[in-house]
Amino acid sequence: MPQVSVYKTPSYDPQQVQAAVCAHFQALELCRLIRPEQKIVIKPNLIMKRDPQDAATTHPALVEAVIRQLQQLGVQDITIAESGGGLYTEPLLRGLYQTCGMAEVARRTGVKLNFDTGSRQIDGDGQITRHFTVINPVADADLIVNICKLKTHCMTYLSGAVKNLFGCVPGLMKPELHMRYPEKEDFCRMLLDLSAALPRVISFIDAVEAMEGDGPTGGRKKQVGLTLCSADRYALDLAATAVLGVKPAQVVTVRQSIERGLCPDSLEKVELLGHPDALTQAGPFLPPRSKQTDFSSQFPPALRPLVQRAVRRMGPRPAIRRKDCIGCGRCAESCPAHTIEMIKHKAVIHYQDCIRCFCCHEMCPKQAVNIRRLGIFNL
């Protein structure tokens, strides 16, 4: 039976976070998976340059607490590594680490920050993808400590343990995968294939302060007061659905994990340690406005393709607020379908080619990309 530990962590006070991390390690006996000679990569969620107080990125207090716990177990080769959205270059990595608080964590703990922008292929046995290009520190790692930020997500509904591993893919190769798999079901299958191809993973969820609504960058902060941990990232995401207040079937990666036999079909089949009664203490999360409602099954089979195409045309789509667009081009740079053009220093979306991956919404530094949705879909 998979185990997930849940501990109340009311704030990012270093003593509170360290106590929670210590409790996770002890409850799950994580020392059995960790050896001093291992190369360990810390993989936070640093999707873009944002202050940790915005709740869009993993808080540095949790990263530091995990590092110190690993160091107490004798681990010396620890690297913080991430490939956020956009280009994967050393100057951008330096800015990302600095703004998100990781540079200061590295200074205090003595661990390395990754500036190696190389990558190479790893192979797996996935359902739709068997070969992935990942950043070098991940390919070299004996163990990945995956420290994600709990957020609702405009495409996958949940930004949790499985989704956070997408940051192991370098830079603009992520939009390429969006383009290869524009449909949500296939994209989530690809995420599970990537997860299975990676080295051993221990995952933490930073839910002290989470994000609800139009995450992963455009939602609003929500106080939850929890940290979660597991050596089973699929069971951990299952537990995260309880925190969000949604059924597992509403999160495609969780549903597909269950269908693949990677995850139990109910939290009753997961051993919850620590403070499991606190899982629902924050109440349901505001859902992303891009959530899909497929009611085509109510129509005769011959009409379903037409209904699905009509729903797609009427469904949620990104929309630029021109008055707030600063013309930086990050949306065009990250668009896998190359459907955004800069005209007179403003972004313009050509919707005939838009695959509705919402990468532009994720990557806009000014949150100038709305998710436009017909009112009938909010009912």
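As the structure is a computational prediction, the values presented were derived from the model and not from experiment.
- In summary, Arg108 and Glu64 engage in a salt bridge, as defined by a charged side-chain N under 4.0 Å from a carboxylate O.
- At a threshold of 4.5 Å between non-hydrogen side-chain atoms, the residues Leu279 and Leu272 count as touching.
- Closest approach of Lys269 to Pro2, counting heavy atoms only: O-CD, 3.8 Å.
- Arg220 has its side chain within reach of Leu286: a pair of non-hydrogen atoms, C-beta onward, lies under 4.5 Å apart.
- Proximity of Pro318 to Ile349: side-chain heavy atoms (C-beta onward) are separated by under 4.5 Å at one or more points.
- The structure places CD of Glu90 at 6.0 Å from CZ of Phe115, a figure rounded to the nearest 0.5 Å.
- Taking NZ from Lys346 and CZ from Arg321, the interatomic distance works out to 11.0 Å, rounded to the nearest 0.5 Å.
- A donor-acceptor contact shorter than 3.5 Å links the side chain of Ser230 to the backbone of Gln3.
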Run the side-chain contact (heavy atoms from CB on, under 4.5 Å) test on Val134 and Leu198 for me, step by step, so that the C-alpha distance in whole Å, both residues' side-chain angles and the decisive distance to 0.1 Å come before the verdict. CA-CA 9 Å; Val134 299; Leu198 292 171; 4.3 Å; yes

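- Heavy-atom contacts from other residues, nucleotides or ligands closer than 6.0 Å to CZ of Arg200 number 12 or fewer.
- The distance from the OG atom of Ser203 to the OH atom of Tyr234 is 9.0 Å, given to the nearest 0.5 Å.
- Remark: the Thr217 side chain and the His361 side chain contain no N/O donor-acceptor pair separated by less than 3.5 Å.
- Listed by first and then second residue, the ring pair (Phe, Tyr, Trp, His ring centres under 6.0 Å) pairs involving residues 30-63 are Tyr12-His59 (not counting sequence neighbours).
- The line from CD1 of Ile320 to SG of Cys325 is 6.0 Å long, rounded to the nearest 0.5 Å.
- At least one side-chain heavy atom of Val251 sits less than 4.5 Å from a side-chain heavy atom of Val246.
- Side-chain contact check for Pro336 versus Cys359: some heavy-atom pair is nearer than 4.5 Å.
- For His153 (side chain) and Met155 (main-chain N/O), a donor-acceptor pair under 3.5 Å exists by modelled atom type.
- A salt bridge links Asp140 and Arg120; the closest N-O separation between the charged side-chain nitrogens and carboxylate oxygens is under 4.0 Å.
- Residue Lys247 places its NZ atom among 12 or fewer non-hydrogen atoms of other residues, nucleotides or ligands, all under 6.0 Å distant.
- In the displayed structure, Gln15 atom CD is contacted under 6.0 Å by at most 12 heavy atoms of other residues, nucleotides or ligands.
- Follow the hydrophobic side-chain contacts under 4.5 Å out from Val201 and you reach Val162 in the same cluster.
- Cluster annotation: Leu262 and Met190 are assigned to the same hydrophobic cluster (Ile/Leu/Val/Met/Phe/Trp/Tyr, side-chain heavy-atom contacts under 4.5 Å, transitive).
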Asp193 vs Arg130, test: salt bridge (charged side-chain N to carboxylate O under 4.0 Å, His left out). Steps then yes/no. CA-CA 7 Å; Asp193 289 347; Arg130 298 192 174 210; over 6 Å; no

Test Phe166 against His178 for ring pair (Phe, Tyr, Trp, His ring centres under 6.0 Å), laying out the working first. CA-CA 11 Å; Phe166 193 41; His178 273 289; 5.7 Å; yes

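- Asn164 approaches Lys43 most closely through the heavy-atom pair O-NZ, 3.0 Å.
- Donor-acceptor pairing under 3.5 Å is lacking for the side chains of Gln121 and Thr133.
- Ile47 and Leu87 sit in two unconnected hydrophobic clusters of ILVMFWY residues. Membership requires side-chain heavy atoms under 4.5 Å apart, directly or through other members.
- Shortest non-hydrogen contact noted between Lys49 and Leu96 is N-CD1, 3.6 Å.
- Remark: the backbone N or O of Ile147 is paired with a side-chain donor or acceptor of Thr58 at under 3.5 angstrom.
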Donor-acceptor pairs are to be reported for all side-chain atoms of residues 71-78 against protein atoms at under 3.5 Å, with residues two or more places apart or in another chain.
unit_1 : atom_1 : unit_2 : atom_2 : d
Gln71  : NE2    : Thr109 : O      : 3.0
Asp77  : OD1    : Lys112 : NZ     : 2.9

Please report the C-alpha distance between Asp206 and Thr9 in whole Å, then the side-chain angles of each, then the deciding distance to 0.1 Å, and finally whether the side-chain contact (heavy atoms from CB on, under 4.5 Å) criterion is met. CA-CA 9 Å; Asp206 173 4; Thr9 315; over 6 Å; no

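- Under a 3.5 Å cut-off, the side chain of Ser334 and the backbone N or O of Arg330 do form a donor-acceptor pair.
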Walk me through whether Met102 and Leu46 qualify under side-chain contact (heavy atoms from CB on, under 4.5 Å). CA-CA 9 Å; Met102 299 300 138; Leu46 309 180; 3.7 Å; yes

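- The side-chain heavy atoms of Asn114 and Tyr97, taken from C-beta on, include a pair separated by under 4.5 Å.
- Here the side chains of Ile202 and Leu30 are in contact, with some heavy-atom distance below 4.5 Å.
- Minimum interatomic distance between Leu143 and Leu33 (heavy atoms only, all atoms of both residues): CD2-O, 4.4 Å.
- Taken to the nearest 0.5 Å, the CZ atom of Phe285 stands 10.0 Å off from the OH atom of Tyr157.
- There is no side-chain donor-acceptor pair under 3.5 Å between Thr99 and Arg50.
- Without hydrogens or angle criteria, Asp51 side chain to Gln53 main chain gives a donor-acceptor distance under 3.5 Å.
- Across Met48 and Cys364, no two heavy atoms sit closer than the pair CE-O, 3.5 Å.
- Within 6.0 Å of CD on Gln367 lie more than 12 heavy atoms contributed by other residues, nucleotides or ligands.
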Might you work through the salt bridge (charged side-chain N to carboxylate O under 4.0 Å, His left out) test for Glu176 and Arg180, ending with a clear yes or no? CA-CA 6 Å; Glu176 288 183 17; Arg180 283 174 60 188; over 6 Å; no

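- Residues Leu150 and Leu226 fall within the same hydrophobic cluster, defined by Ile, Leu, Val, Met, Phe, Trp and Tyr side chains chained together at heavy-atom separations under 4.5 Å.
- Shortest non-hydrogen contact noted between Pro199 and Val138 is CG-O, 3.7 Å.
- Val369 and Met363 sit in two unconnected hydrophobic clusters of ILVMFWY residues. Membership requires side-chain heavy atoms under 4.5 Å apart, directly or through other members.
- Inter-residue side-chain proximity for Ile205 and Leu236 is flagged as met; some heavy-atom pair is nearer than 4.5 Å.
- A donor-acceptor contact shorter than 3.5 Å links the side chain of His275 to the backbone of Lys8.
- Side-chain atoms of His24 and Ser5 form a donor-acceptor pair, as typed in the model, at a separation below 3.5 Å.
- Salt bridge Asp142/Lys39: absent, no basic N to carboxylate O contact under 4.0 Å.
- A salt bridge does not link Lys151 with Glu209: every distance from a Lys NZ or Arg NE/NH1/NH2 to an Asp or Glu carboxylate oxygen is 4.0 Å or more.
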Before you tell me yes or no, could you show the steps for Asp324 and Lys366 under salt bridge (charged side-chain N to carboxylate O under 4.0 Å, His left out), namely the whole-Å CA-CA distance, both residues' side-chain angles and the distance that decides it to 0.1 Å? CA-CA 7 Å; Asp324 295 321; Lys366 296 297 182 182; over 6 Å; no

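- One N or O on the side chain of Asn146 and one on the backbone of Ala161 form a donor-acceptor pair closer than 3.5 Å.
- Lys174 places a side-chain N or O within donor-acceptor distance of the main-chain N or O of Gly84, the cut-off being under 3.5 Å.
- Taking the ring centre of Tyr181 as origin, the terminal cationic atom of Arg189 falls outside the region bounded by 6.0 Å and 45° from the ring axis.
- With rounding to the nearest 0.5 Å, the separation of CG in Asp265 from CD in Glu268 is 9.0 Å.
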